[in-house]
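Let me begin by presenting the structure, written as structure tokens, before commenting on it.
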Protein chains: 2
Amino acid sequence: MNPTNPQPTDPQPGAPQPGATRPHTGRRRNEAAHQAILDAALQLLAASDGTPVTIDAIARTAGVGKQTVYRWWPSKGAVLLDALTDRADQDVTGPDTGILRTDLQTFIATTFDAAQRGTTASALRTLVREAARDPHLAELMQTFTAARRTALRELLDRGRQRGELPVGADLDLIVDQVYGVFWYRFLLGHAPLDRTVADRLAQSLVTGGE
Amino acid sequence: MNPTNPQPTDPQPGAPQPGATRPHTGRRRNEAAHQAILDAALQLLAASDGTPVTIDAIARTAGVGKQTVYRWWPSKGAVLLDALTDRADQDVTGPDTGILRTDLQTFIATTFDAAQRGTTASALRTLVREAARDPHLAELMQTFTAARRTALRELLDRGRQRGELPVGADLDLIVDQVYGVFWYRFLLGHAPLDRTVADRLAQSLVTGGE
DNA sequence: TGGTTGCCGAGACTGCTAGTCTTGTCAAGC
DNA sequence: GCTTGACAAGACTAGCAGTCTCGGCAACCA
């Protein structure tokens, strides 16, 4: 959320620890500017239909100097990802009804829905486009998506322990089938990502592979 | 292959045929330069580990002026894709042994293998990266991949007609599961794309979804 | 209250790249 | 020999990421 916080902003006064840094003096960071930047980034990300979002535009929209952006984030991609994750609810816990197929259906349908709701879709698309050129952003995104992949894997593991999947099932492959289809269709846009597809996909993955 | 063939600029007085073009005069196009550009593009594409390939570099490597590149291709992306498809064998016919699962295994394994063999992998990765920014290239790639998607779909359709898939099976979803997993793993590189995965994937798709 | 520190907005600047334009040259035909 | 048009070389424009500089201002301290 705040990847470049080099110094503690409010160290206790009169703490001359050998390793401790000198207490902070000078003007404090402007939290309003921080939020304005995230808001501007999200707004531009949402409005851009694939068109790259520039740092200049973000700074100008936020009414902020470019240097202020780079003081808080290391790269453009970091700002964009931070803007998006700021809004995404981070509690990625899969459903757990005790029936694998139902849980899987819900998980997949929720994923499809969340990605396409509101302005998230164009923002996400732009983000991926940027990640294709920005290795740093790509790494950040991988961390971000890892939480969702893990949640899905745990959901599958619970099902396997209940005997709803064969012991030798390749859970990683199933995870990749779900997210593979998702990203493939999401980015190419040649076929829908709706409830029907989610159900069919869940069914295919639960009944197959034994 | 020759997207910019300029039209005769002036309607000559006393032209006998309205639709006929004036016979070509002047220096002829240099086929060696054409090939040198494609070779240079492929070479740089293969050597670049994700780093963008520049037009300047292509022209310099080919010993050619930049204008010559743009005379033959409309954009950088077009050159890159042309360079790649020049080598890829274009007869995308799926196997047909009469057994769906075997055909599917072969098709998937061949796809995995072809993408990773030799210098193709890095070239393909760079190409996708460029396509994320270049709408023209993205369109070209979609045409390129459509042939492979069609071949897979026909393979599945043959199997369905033989009763190896339920009549109501969603063939498009199966196709997207195959290519979704492929691109997802190919681009992220977090898991293998080998023969074992191909077999498991084929098995999952044939026995599931009924 | 005045001094020091460090964030702030503004915008100039560098470096890189796609794509265009210019120039002088050279090959093919008339 | 003249016209035509492809050619190599490279200057040029435009756009963007990221850096640097500058004057201003807020927070803290003595």
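In what follows, every heavy atom counts, from backbone to side chain, and hydrogens, waters and symmetry copies are set aside. All chains are named by letter (A, B, ...) in the order of the sequence lines, taking the proteins before the strands, and each is independently numbered beginning at 1.
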Look at the side chain of B:Arg148 and the backbone N and O of B:Tyr179, then say whether any donor-acceptor pair between them is shorter than 3.5 Å.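 Checking the backbone N and O of B:Tyr179 against the side chain of B:Arg148, no donor-acceptor pair under 3.5 Å is found.
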Has [X] got a side-chain N or O lying under 4.0 Å from the OP1 or OP2 atom of [N]?
X	N	answer
B:Trp73	C:dA18	no
B:Thr54	C:dT17	no
A:Arg29	C:dC8	no

How does protein reach along nucleotides 21-30 of chain C, written 5' to 3' as B (base within reach of a heavy atom under 4.0 Å), S (only sugar-phosphate), or - (no contact)? B----BBSS-
Using the six-membered ring of B:Phe112, assess whether NZ or CZ of B:Arg195 lies under 6.0 Å from its centre and within 45 degrees of the ring axis. no
Can A:Asp199 and A:Arg101 be counted as an ion pair, charged N to O under 4.0 angstrom? no
Will you find, in the side chains of A:Asp172 and B:His190, an N or O donor that is under 3.5 Å from an N or O acceptor?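 B:His190 and A:Asp172 do not have a side-chain donor-acceptor pair below 3.5 Å.
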So A:Thr126 and A:Ser48, side-chain hydrogen bond (donor to acceptor under 3.5 Å, both in side chains) or not? Walk me through it. CA-CA 7 Å; A:Thr126 303; A:Ser48 85; 3.0 Å; yes
Tell me the interatomic distance from [X], atom [atom1], to [N], atom [atom2], rounded to whole angstroms.
X	N	atom1	atom2	answer
A:Ile55	C:dC13	CD1	P	21 Å
B:Asp56	C:dT20	CG	P	14 Å
B:Arg60	C:dC16	CZ	C1'	12 Å
B:Lys76	C:dC16	NZ	C1'	12 Å
B:Glu31	D:dC7	CD	C1'	14 Å
A:Ile37	C:dC7	CD1	C1'	12 Å
A:Leu80	D:dG18	CG	P	10 Å
B:Tyr70	D:dG5	OH	P	24 Å

Going by the angle between their ring planes, with limits at 30° and 60°, are A:Phe182 and A:Phe186 parallel, tilted or perpendicular? parallel
Could you check whether B:Val53 gets within reach of a base, just the sugar-phosphate, or nothing at all, counting any heavy atom under 4.0 Å? sugar-phosphate
Suppose the criterion is side-chain hydrogen bond (donor to acceptor under 3.5 Å, both in side chains): which pairs have a residue in residues 128-139 of chain B, not counting sequence neighbours?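 Output for this query lists B:Ser75-B:His136, B:Lys76-B:Glu130.
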With the side chain defined as heavy atoms from C-beta on, A:Arg71 is closest, among C:dC8, C:dG19, C:dG9, to C:dC8
